[in-house]
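Quick notes on the structure that follows.
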Amino acid sequence: MPKKTVDRVEAIREMWPNDDFTALLDADDLAAGAAAAREIMRSLATATCVGQARERSLPYAADGYDMIGGLAAAALSEHELITNLATWADDLAIDTTLRHAGHRDTTADINRTHASTTAYELSESLRTAAQHLAAAAAALSTAHTKISPLYTDED
C-alpha cells in the first residue's frame, strides 16, 4: 500500500492546535489526542521491533537521528503536559464541589475530605510521573547526541 502524501505532522496540528489559545480543546479532544498519541507510539514500537520491520524502518544508523530527536522533544512536551495535569489536580483538591464516589454514604464533610485527599494524591502521582519524564527527556537528548556521529559504511 503506497504512503499517503498527507503532511502527517500538519494533520496533527490541525486536529490539535498548540499555538492558538482561542481554539481551546474540550475533554473529548484531549481524550482523542491521548488515544492518537498512544497509537502513534504503538506504531513506532512496531516499526522498530526486531526483524524485517526494523530493517526496513531503520536500515542505517543515521536513520535513528530524527526519530530519537523527535522522541526527546515529545518527552519534554509530555513532561509539560503531566506537570499541567498535576496543577489541575491541585485545583481539583480545593474545589468545594468535588466529591468522592467511594464515600457517597458519608456526610458531605467526610466525603469532601476524602475527595480532596485523593485529588492531592493524584497530583503527587502526576508530579512523580513528570519527574520520570524529565529524566527520560534528558536521557533521550543524550542518546540523540550519541547517535549524531554514527553512520553506516557500506563499502
Side-chain angles (χ1 to χ4, degrees), residues 1-95 98 100-102 115-155:
M1 174 181 226
K3 283 186 178 180
K4 294 180 182 179
T5 58
V6 174
D7 181 332
R8 291 169 277 192
V9 173
E10 188 57 38
I12 295 295
R13 287 185 182 138
E14 285 179 29
M15 294 296 297
W16 294 281
N18 61 13
D19 58 356
D20 181 2
F21 291 110
T22 62
L24 295 176
L25 303 175
D26 64 20
D28 289 337
D29 294 330
L30 297 177
R38 180 193 70 232
E39 290 302 316
I40 290 168
M41 296 305 283
R42 287 176 63 189
S43 179
L44 294 175
T46 299
T48 57
C49 68
V50 177
Q52 278 189 329
R54 185 176 64 200
E55 291 169 11
R56 187 176 62 250
S57 298
L58 296 170
Y60 305 108
D63 292 331
Y65 181 79
D66 288 338
M67 181 177 171
I68 292 170
L71 291 172
L76 284 174
S77 294
E78 191 173 6
H79 171 264
E80 180 182 12
L81 167 63
I82 300 303
T83 299
N84 291 347
L85 288 174
T87 301
W88 168 76
D90 286 337
D91 291 343
L92 283 178
I94 60 173
D95 179 349
L98 186 68
H100 193 293
S116 180
T117 299
T118 302
Y120 280 126
E121 291 169 348
L122 166 63
S123 174
E124 193 57 37
S125 294
L126 290 166
R127 288 188 200 296
T128 299
Q131 290 170 349
H132 290 292
L133 286 164
L140 285 164
S141 180
T142 299
H144 190 236
T145 301
K146 297 294 183 187
I147 198 171
S148 178
L150 301 179
Y151 69 96
T152 303
D153 187 357
E154 294 194 58
D155 292 335

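Atom NE2 of H132 is separated from atom CZ of R127 by 14.5 Å, given to the nearest 0.5 angstrom. Here the straight-line distance linking atom CG of L133 with atom CD of E80 works out to 12.0 Å at 0.5 Å rounding. Put simply, OG1 on T87 and CG on L92 are 11.0 Å apart, with the number rounded to the nearest 0.5 Å. Residue I94 holds its CD1 atom at 9.0 Å from OG of S116, rounded to the nearest 0.5 Å.
Residues A36 and W16 approach most closely at CB-CH2, 3.8 Å, considering heavy atoms. For the pair A130 and H79, the tightest heavy-atom approach, listed with the atom from each and the gap, is O-CD2, 2.8 Å. Heavy-atom minimum distance, A61 versus I147: O-CD1, 3.2 Å. A pairwise comparison of heavy atoms in S123 and D90 identifies OG-OD1, 2.7 Å as the closest pair. Here the closest non-hydrogen pair linking L126 and I82 is O-CG2, 3.1 Å. The minimum heavy-atom distance linking L140 with L71 is given by the pair CD1-O, 3.7 Å.
Put simply, the side chain of M67 does not reach to within 4.5 Å of the side chain of D63, judged on heavy atoms. Residues L122 and L85 form no side-chain contact, since every pair of their non-hydrogen atoms from C-beta on lies 4.5 Å or further apart. With contacts defined as side-chain heavy-atom distances shorter than 4.5 Å, the pair Q131/T83 does not qualify. P17 has its side chain within reach of L25: a pair of non-hydrogen atoms, C-beta onward, lies under 4.5 Å apart.
When atom types are taken as modelled, the side chain of T48 and the backbone of A45 share a donor-acceptor pair closer than 3.5 angstrom. A donor-acceptor pair is defined here as one N or O able to donate and one able to accept, closer than 3.5 Å; no such pair exists between the side chain of S141 and the backbone of A137.
Within a 6.0 Å radius of CZ in R38, other residues, nucleotides and ligands contribute more than 12 heavy atoms.
Look at R42 and E39 and you find a salt bridge, because one of the NZ, NE, NH1 or NH2 atoms lies within 4.0 Å of a carboxylate O, short of that distance.
The ring-ring contact (aromatic ring centres under 6.0 Å, His included) analysis of residues 42-65, with sequence neighbours excluded, yields the pairs Y65-H144.
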### Task
Dump the intermediate steps for side chain to side chain contact (heavy atoms under 4.5 Å, CB included) on R13 and E10, then the final yes or no.
CA-CA 5 Å; R13 287 185 182 138; E10 188 57 38; 4.0 Å; yes
